[in-house]
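Take a look at the structure set out below.
Just follow the structure's listing: the first ligand is 1, and inside any ligand the first atom is 1.
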Amino acid sequence: MTTAILSALAEEQSGLVATLQQPQRRVHAGRVFWTGSLHGHSVVLALSGIGKVAAATTATALIERFGAARIVFTGVAGGVGDGVRVGDVVVAQDYVQHDMDASPLFPRWELPGYARARLACDGALSDLLLEAAHACTASAHGLFDANFFRTAPQVHHGLMASGDRFVSAAHESDQLRTALRAAGHDVLAVEMEGAAVAQVCLDYGVPFAAVRTISDRADDAAHADFALFVQTVASRYADHMVQAFLQRL
Ligand code: ADE
């Protein structure tokens, strides 16, 4: 059974590729896919690309061409929920597309043809990611420059929102969060791909789970915080998270 590890950023993938056993590099649909064995499991590694369409194409290729039986996404996200800080980890319980709006034909955020706004992640895989996230954050101070984390990193589990926008202004993230919350969707973090992969996985009946480390607060400092986080933390965090997950699989 092949597990797909989908990374959002090249920085997060490089450590995984370096430790891959019997690595094979294949190009399909203009993307690079790495197959091999990682911590005793048959895996295929890919970069999602940025945005919902790129991620949906990658997910489809992983299932159709590489026989992925489950997809696990690791990446970074902007924290919008109360108490979701830079360095914290969010394991997705479900996803909403914050830029989906076919109203008045369908209720705001509902996915036409799916009769719902929210797409659930696989419970068993998410539980393993939660265990892995707790193990990683418990050792975060040992793994990284302790100064990076002002407080001990926390693990959150809840709703994630995806859309084709890097949210980089406090008023924008407030607006997005308030509108969603008024409709009963209390979002912890925003990113740009997960909901698209969740939708493809639902279509194919493939289990999906996602873990995102918070790189910024989706506010006016988001672009600078994001860049610093990617350079300093994202790669080592992803390596440890994937290893801790695969060891529990
Ligand atoms: N990924 C990481 N930070 C993000 C942000 N602020 N908006 C969208 N995607 C992100």
Side-chain angles (χ1 to χ4, degrees), residues 5-14 46-56 58-59 72-101 109 119 121 129 133 136-137 144 148-150 153-181 185-199 208-238 241:
I5 308 289
L6 197 45
S7 308
L9 303 164
E11 288 84 347
E12 291 179 304
Q13 197 200 39
S14 54
L47 291 178
S48 61
I50 296 173
K52 299 198 304 293
V53 174
T58 309
V72 172
F73 201 122
T74 76
V76 295
V80 298
D82 290 331
V84 180
R85 300 194 183 86
V86 172
D88 284 1
V89 176
V90 178
V91 174
Q93 194 161 30
D94 49 3
Y95 264 102
V96 61
Q97 291 184 23
H98 67 71
D99 53 358
M100 171 55 72
D101 187 0
W109 297 296
L119 300 173
C121 295
L129 278 181
C136 287
T137 52
F144 311 110
F148 193 90
F149 296 98
R150 264 166 265 136
Q154 303 291 304
V155 178
H156 309 268
H157 188 210
L159 179 64
M160 204 102 83
S162 309
D164 288 324
R165 197 163 86 211
F166 185 80
V167 182
S168 57
H171 70 87
E172 199 182 327
S173 74
D174 283 349
Q175 214 172 38
L176 190 150
R177 182 186 168 210
T178 307
L180 279 162
R181 189 188 240 179
H185 307 302
D186 211 351
V187 172
L188 294 178
V190 288
E191 38 88 314
M192 301 178 69
E193 298 85 19
V197 179
Q199 191 172 337
F208 168 70
V211 58
R212 295 266 182 170
T213 310
I214 300 302
S215 56
D216 60 86
R217 276 288 303 174
D219 56 11
D220 301 36
H223 62 291
D225 290 347
F226 173 85
L228 180 66
F229 192 88
V230 168
Q231 277 165 26
T232 55
V233 181
S235 142
R236 277 178 293 168
Y237 230 131
M241 196 74 74

For ligand 1, list the protein residues that place a heavy atom within a distance below 4.0 Å of one of its atoms, sorted by chain and number. Val76, Ala77, Gly78, Arg165, Phe166, Val167, Val190, Glu191, Met192, Ser215, Asp216, Ala218, Phe226
The test is side-chain contact (heavy atoms from CB on, under 4.5 Å); show your working for Lys52 and Asp99 and say whether it passes. CA-CA 11 Å; Lys52 299 198 304 293; Asp99 53 358; 2.9 Å; yes
Between Arg217 and Val84 (side chain of the first, backbone of the second, donor and acceptor by atom type, cut-off under 3.5 Å), is there such a pair? yes
Quick one: side-chain contact (heavy atoms from CB on, under 4.5 Å) partners of [X], sequence neighbours excluded?
{"X": "Ala170", "answer": "Asp219, Asp220"}
{"X": "Ala59", "answer": "Ile71, Val197, Val200"}
{"X": "Ala209", "answer": "Leu125, Ser126, Leu129"}

May I ask you to check whether Glu191 and Ser162 show a side-chain donor-acceptor distance below 3.5 Å? yes
